[in-house]
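Everything on this sheet refers to the single structure shown next.
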Amino acid sequence: MPYNAISDIGEFGLIDRLAKLVEPTLAGTPALVKGIGDDCAVYRMSETSLQVATTDLLAEQVHFDLLFSPLRLLGGKCISVNVSDICAMNALPSYALISLAVPDSFTIEMVEELYTGMSQAASEYGLAIAGGDTSLSRSGLVVTVSMTGETSDDRISMRSGAQPGDLICVTGTLGAAAAGLKVLIREKHIMLDHLSGNEPYSMNIMANLEEYRDAIGHQLLPVARLDIIKFFLEKNIVPGAMIDISDGISSDLRHICNSSGTGAIIHESRIPINSQARDIADELQEDVITWALGGGEDYELLFTLPPEFACAIEERKDISVIGEITEKETGILLTDIYGMTINLSDLAGYDHFRR
Ligand SMILES: [Mg+2]
């Protein structure tokens with residue numbers, strides 16, 4: 001049997017192969033409305049009500065670095081990233097289960113600090129932490145949160161619901177989480193250089209982080225856009241398709257287009273760039289648009305809206321219309337600020353297994 005590296009096919013190639021292996025388990029499950037391939041699995045609870053379920057794993061040194069991630073914020077982030085996937089289905093979160101693998105260097109107080117962050121975030125989102133599992137870890141902290149949420153047939157938004165002519169909308173601003181991470185990594189290296197040079201470590205090294213507060217906050221404790229889902233509910237708005245931005249717009253828009261069998265065109269000039277991310281990109285001489293397109297971790301919502309709902313979102317200054325869904329043949333395009341057209345299929349989003 002030949003052995004192949006996962007990096008040859010990447011995260012999404014691996015998911016495709018695993019989806020084929022679990023296919024036989026789906027026989028005789030009429031209540032399952034959607035399995036692998038969306039932000040959540042969807043199953044029927046009654047004639048009109050649907051439940052959604054998701055799980056997200058955060059591993060030390062892959063998703064977070066304990067040198068610059070305070071445990072309380074990390075706990076909150078673990079909850080937020082799951083709530084974000086629930087929101088991406090136009091659903092409201094209900095219950096969470098938490099599994100922890102904890103290194104033996106951790107104290108009780110450290111685990112409690114992590115759980116305090118989870119508990120505070122769960123209270124803010126209005127969901128209950130209903131159970132979990134704990135184990136010793138031989139290689140760093142691993143936190144897995146599984147979550148359920150509720151929606152209905154007439155409210156659910158899957159990735160597959162986009163139609164040509166729909167508006168493409170994004171909430172909030174983009175690029176801040178990537179910018180915050182760049183600053184934190186830079187500061188970490190400065191700190192480690194000082195330590196390895198046996199120079200006395202000064203807390204002042206970190207003192208200048210205050211000016212990057214917004215970007216660092218977006219990286220360490222993103223807020224899921226449950227406020228937008230409540231706004232949709234109040235105004236009776238149902239997005240055609242929706243996804244949360246975890247891998248960057250180019251990758252996440254591609255998921256919507258592939259699932260819906262459509263193309264898309266978006267305009268660089270309309271992408272809402274976070275102003276602090278722009279300043280940080282200038283300072284680091286990097287391209288902020290690349291962060292917005294491929295940086296990910298912003299946990300904003302990317303959704304399509306049938307044109308009849310256009311008026312209903314006008315009052316929200318934190319929703320931007322950035323383009324339009326097109327026929328599949330058009331491809332997925334970006335017009336840049338000079339009017340040049342770029343094929344977004346060529347731009348990769350974040351992929352854990354690609355080197
Ligand atoms: Mg998602």
Side-chain angles (χ1 to χ4, degrees), residues 10-16 18-19 33-43 50-59 62-64 76-94 96 121 125 127 143-151 155-162 168-172 174-178 218-219 221-229 232 239-260 264 292-304 332 344 348-354:
E11 181 181 359
F12 301 118
L14 180 66
I15 293 170
D16 286 345
L18 300 181
V33 176
K34 178 77 201 174
I36 295 174
D38 215 303
D39 293 88
C40 291
V42 184
Y43 45 98
L50 298 172
Q51 198 153 67
V52 299
T54 184
T55 187
D56 233 317
L57 178 152
L58 278 83
V62 178
H63 299 92
F64 60 88
K77 181 171 183 172
C78 293
I79 296 294
S80 280
V81 299
N82 279 273
V83 173
S84 185
D85 275 327
I86 301 277
C87 289
M89 308 305 290
N90 205 25
L92 299 171
S94 4
Y125 292 122
L127 70 104
V143 188
T144 301
V145 177
S146 304
M147 198 175 282
T148 60
E150 275 159 50
T151 184
R155 298 215 54 82
I156 189 144
S157 289
M158 293 202 253
R159 293 179 184 179
S160 53
I168 301 172
C169 307
V170 65
T171 62
L174 301 175
H218 273 88
Q219 169 57 224
L221 184 52
V223 177
R225 298 308 304 264
L226 188 56
D227 62 319
I228 296 284
I229 303 308
F232 287 162
M242 186 151 58
I243 190 168
D244 67 325
I245 303 178
S246 53
D247 300 324
I249 314 183
S250 70
S251 172
D252 293 319
L253 180 58
R254 199 158 55 228
H255 288 314
I256 286 182
C257 290
N258 289 346
S259 298
S260 300
L293 291 174
E297 285 208 291
D298 282 308
Y299 296 104
E300 293 293 342
L301 294 169
L302 178 69
F303 60 95
T304 71
I332 305 169
L344 276 184
Y350 188 74
D351 183 327
H352 286 292
F353 294 104
R354 295 269 189 206

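In listed order, ligands and their atoms are each counted from 1.
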*Backbone N or O of Ser80 within a donor-acceptor pair of the Ser84 side chain at under 3.5 Å?*
no

_I'd like to know if the Mg ion (ligand 1) has an N/O/S atom from Asp85 within less than 2.8 Å of it, counting both backbone and side-chain atoms._
yes

*Check: Asp247 side chain, Asp252 main-chain N or O, donor-acceptor pair, under 3.5 Å*: no

*asked:* Main chain of Cys40, side chain of Asp85: is a donor-acceptor contact present, judged purely on distance under 3.5 Å?
replied: no

*Could you check which N/O/S atom of Asp39 is closest to the Mg ion (ligand 1)?*
OD2

_Restricting to non-hydrogen atoms, name the atom on Tyr125 and the atom on Pro93 that form the minimum distance, rounded to 0.1 Å._
O-CG, 4.0 Å

*Asp244, N/O/S atom nearest the Mg ion (ligand 1)*: OD1

